Trainee: 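Pasting a structure below so you can have a look.
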Amino acid sequence: MKQAFLPLSKNFQVGKIDKRIYGSFIEHLGRAVYGGIYEPTHPTADEDGFRKDVLDEVRKLNVPIVRYPGGNFVSGYNWEDGVGPVSERPKRLELAWGVTEPNTFGTNEFLKWCKKANSECMMAVNLGLRGAEEARNLVEYCNHPSGSYYSDLRRKHGVEEPHNIKLWCLGNEMDGDWQIGHKTAYEYGRAAAEAAKVMRWVDPSIELVLCGSSNSHTKTFGDWEAQTLDLAYDKVDYVSLHQYYDNKTDDTPSFLAKSMEMDDFIHTVVSVCDYIKGKKHSKHDVNLSFDEWNVWYHSFDADKKIERWCTAPHQLEDIYNFEDALLVGLMMIVLLRHADRVKVACLAQLVNVIAPIMTENGGGVFEQPIFYPFMHMSNFGRGTALVSDIRCEKHDTKEFTDVPDLDGVAVLSEDETELTVFAVNRSFDEEYLLNIDLPDLADLKPVAHIEMAGYGLKDTNSIVSAPVHPTNAASLPETDGRTATARLRPLSWNVLRFKK
Ligand code: AHR
């Protein structure tokens, strides 16, 4: 058995974890809304048409913020279509995904759903086909108390109190030519700066996210961030990052190493933000909003067969397997390792569309394997991320060199009475003894070792059965007072919990 070491101290901290790092995303896409969170004819639907079985699952994930309404969808969306009497709302051709949008669900319905899910809304405005004018109107509609056209319109629509949405995205993936109203960096930087200016004039308390690159492989990556930040730096609080990984070549060792690429991606964007800060002699920090991340590729072929202009088709319905759960855990470890700069992150998405939660129209619900690492980290990973440098052996894959066999991160609760170590063993055949050295945390005793291990890499869950799920490990970590030692099985997700 191999040995690994993780020295931890409460004095060596990455930083306080912003709970919004456990955010997610609901787009008007496929069955995320219709048949997902909203299905008025469903046996569990509440008085607002929200599926209670889905709400229960979302609450298990403890999602503090949900991005809405897109995604690519937002770049062609008229928010006015989704408010007011439902019978008067127009059906529209939705160009981003080639479907018909009924608009029977919109802003006020989503905000109501958020309350029931114990979440806040992260609202995106359309900077594709629209601009500063419609964006500032939406802020007025949502956040202004009363006495103006749009705030009174909201009240007329039955919502007396303002929604007070704090976090706003200035468009979506504007660097990509697939985006409705795609722009050059200069065009977008100017449009975002002007929208930001007037949105903040309506409500100075809001926070704003500038669109960064759609992924780290685009031709314009780096330069896009530099140019757009140069034009909008002092007007925004965050820059966005998006990244989806796949295992199309069926090369699992490389697939599991892709979180290293995510780590580099974050480093680069932090560097660009700080370069522009220096260049402008600014005192203001721009942090990171990793507002789309996940595995996405299983549904590519099925999606090619979707009939155009239908409503709420089975779209982007990836069925995730065990190796996807391992990579999702690894990606979350990377996010926490950068908790000093990554303040917001959204698992894309939440229900049915590349999602941890799947439903049947009119039927049941099930948890995909990726549900569990997210649930563990969102529930146990609150507090302070500690510097977590695991010393273990490394290996090479076809695409990466020096991949550590183990990766992990430790989180200390705010009151310092709980410590949780999240760790993945990437090795296919080596069991590891992880020795966690806790010189100034020795009064914390092991109380749980939850693991996901022993599954086939391609094992999945379904509406009929969910074999891929976490269990308690055979034994708790052993402790000699200062060092706790846990067994990490090959290809495993591990949650080691310590309490005073
Ligand atoms: O999450 C699915 C899509 O991925 C989003 O609409 C878009 O922003 C990204 O390309």
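Numbering starts at 1 and runs along the sequence shown. Just so it is clear, the model here is predicted, and its values are computed rather than measured. Hydrogens, waters and symmetry mates play no part in the numbers below; they use all other heavy atoms, side chains included. Every number for a ligand or one of its atoms is a count from 1 in the order of the listing.
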Trainee: I want to confirm something. Looking only at heavy atoms, which of W97, W178, Y244, W296 is nearest to atom 1 (O) of ligand 1?
Mentor: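 It is Y244 that holds the nearest heavy atom.
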Trainee: Should we count NZ of K458 as having more than 12 external heavy atoms under 6.0 Å?
Mentor: yes
Trainee: Pull out every atom of ligand 1 sitting under 4.0 Å from any heavy atom of G71, numbered as shown with elements.
Mentor: 5 (C), 6 (O), 8 (O)
Trainee: Relative to each other, are the rings of H376 and W493 parallel, tilted or perpendicular (30° and 60° limits)?
Mentor: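 H376 vs W493 ring planes: parallel.
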Trainee: Give me the ring orientation class for H284 and Y233: parallel if the planes are under 30° apart, tilted from 30 to 60°, perpendicular past 60°.
Mentor: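 The arrangement is perpendicular - the two ring planes meet at more than 60°.
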Trainee: For ligand 1, which atoms sit closer than 4.0 Å to a heavy atom of I354?
Mentor: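 Ligand 1 atoms under the 4.0 Å threshold to I354: 1 (O).
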Trainee: Determine the sole option in N352, I463, V353, V365 for which the side-chain contact (heavy atoms from CB on, under 4.5 Å) test with M358 is passed.
Mentor: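 Between M358 and the candidates, side-chain contact (heavy atoms from CB on, under 4.5 Å) is satisfied uniquely by N352.
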Trainee: Okay, side chain of T184, backbone of E187: is any donor-acceptor separation there less than 3.5 Å?
Mentor: yes
Trainee: Which residue owns the protein heavy atom closest to atom 7 (C) of ligand 1, what's the atom, and how far is it?
Mentor: N72 OD1, 3.2 Å
Trainee: Give me the residue, atom name and distance of the protein heavy atom closest to atom 4 (O) of ligand 1.
Mentor: E292 OE1, 3.1 Å
Trainee: Quick check: does H242 get an N/O under 3.5 Å from an N/O on ligand 1?
Mentor: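 In fact, backbone or side chain, H242 has no N or O that close.
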Trainee: Please check: side-chain N/O of D81 versus main-chain N/O of P90, any donor-acceptor pairing under 3.5 Å?
Mentor: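 Not confirmed, D81 side chain does not pair with P90 backbone.
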Trainee: Taking only heavy atoms of E27, which atoms of ligand 1 are found under 4.0 Å from at least one of them?
Mentor: 5 (C), 6 (O)
Trainee: Answer with side chain, backbone, both or neither: which part of N172 has a heavy atom less than 4.0 angstrom from an atom of ligand 1?
Mentor: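 For N172, the contact with ligand 1 is made by the side chain alone.
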Trainee: Short list, please: which atoms of ligand 1 are under 4.0 Å from a heavy atom of E173?
Mentor: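 Within the 4.0 Å cut-off of E173, ligand 1 contributes 7 (C), 8 (O), 9 (C), 10 (O).
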Trainee: Check each of W97, F110, W79, Y68 against H28 using the ring-ring contact (aromatic ring centres under 6.0 Å, His included) test, and report the only one that passes.
Mentor: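 Output: one option passes, namely Y68.
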